[in-house]
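Note that the numbering runs from 1 along the sequence shown for the chain.
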Amino acid sequence: MDFYRNYNDLISLQGIPVDAGSLWRKQGQLMVLVDDDQYITHAYQEAEFYEEKKV
């Protein structure tokens with residue numbers, strides 16, 4: 001599974017603020033925040049997200 005981080009602070013589709021550098025996973029064209037407490041999504045836009053490097 002590939003993970004991504006957002007470059008800047010953003011507002012999710014649910015209207016929740018998300019800090020820059022948060023961890024996301026991509027499902028089609030939808031980004032899902034990696035968070036066990038909430039289901040938070042954002043539309044994928046290449047300019048807003050970068051792929052997390054695998055170690």
Side-chain angles (χ1 to χ4, degrees):
M1 184 181 303
D2 292 331
F3 292 96
Y4 294 79
R5 293 198 183 266
N6 49 307
Y7 286 110
N8 302 302
D9 294 348
L10 53 82
I11 303 295
S12 73
L13 295 175
Q14 293 74 24
I16 299 168
V18 180
D19 293 334
S22 296
L23 190 63
W24 302 78
R25 57 186 160 80
K26 188 175 178 192
Q27 293 182 335
Q29 291 300 307
L30 188 67
M31 303 302 287
V32 179
L33 186 67
V34 177
D35 185 332
D36 291 335
D37 298 326
Q38 302 181 80
Y39 182 73
I40 297 175
T41 60
H42 195 276
Y44 176 72
Q45 296 174 353
E46 189 174 341
E48 290 189 17
F49 294 91
Y50 61 95
E51 191 168 357
E52 176 71 7
K53 302 277 190 237
K54 296 177 183 165
V55 180

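At a threshold of 4.5 Å between side-chain heavy atoms, the hydrophobic network of Ile, Leu, Val, Met, Phe, Trp and Tyr places Leu13 and Val32 in one connected group. A single hydrophobic cluster is not seen to contain both Met31 and Tyr39; linkage of ILVMFWY side chains at heavy-atom distances under 4.5 Å, directly or through other members, places them apart.
In this structure the side chain of Leu33 never reaches within 4.5 angstrom of the side chain of Ile16, judged on heavy atoms. By the 4.5 Å heavy-atom criterion applied to side chains, Asp2 and Arg25 are not counted as neighbours. At least one side-chain heavy atom of His42 sits less than 4.5 Å from a side-chain heavy atom of Phe49. Using a 4.5 Å heavy-atom threshold, the side chains of Pro17 and Asp9 count as separate. In this structure, the side chains of Glu48 and Asn6 stay at 4.5 Å or more apart for every pair of heavy atoms.
Closest of all the heavy-atom pairs between Trp24 and Leu10 is CZ2-CD1, 4.0 Å. Across every non-hydrogen atom of Ser12 and Val18, the tightest pair is CB-CG2, 4.4 Å.
Each of Phe3, Tyr7, Tyr44 was compared with Tyr50 under the ring pair (Phe, Tyr, Trp, His ring centres under 6.0 Å) criterion, and only Tyr7 meets it.
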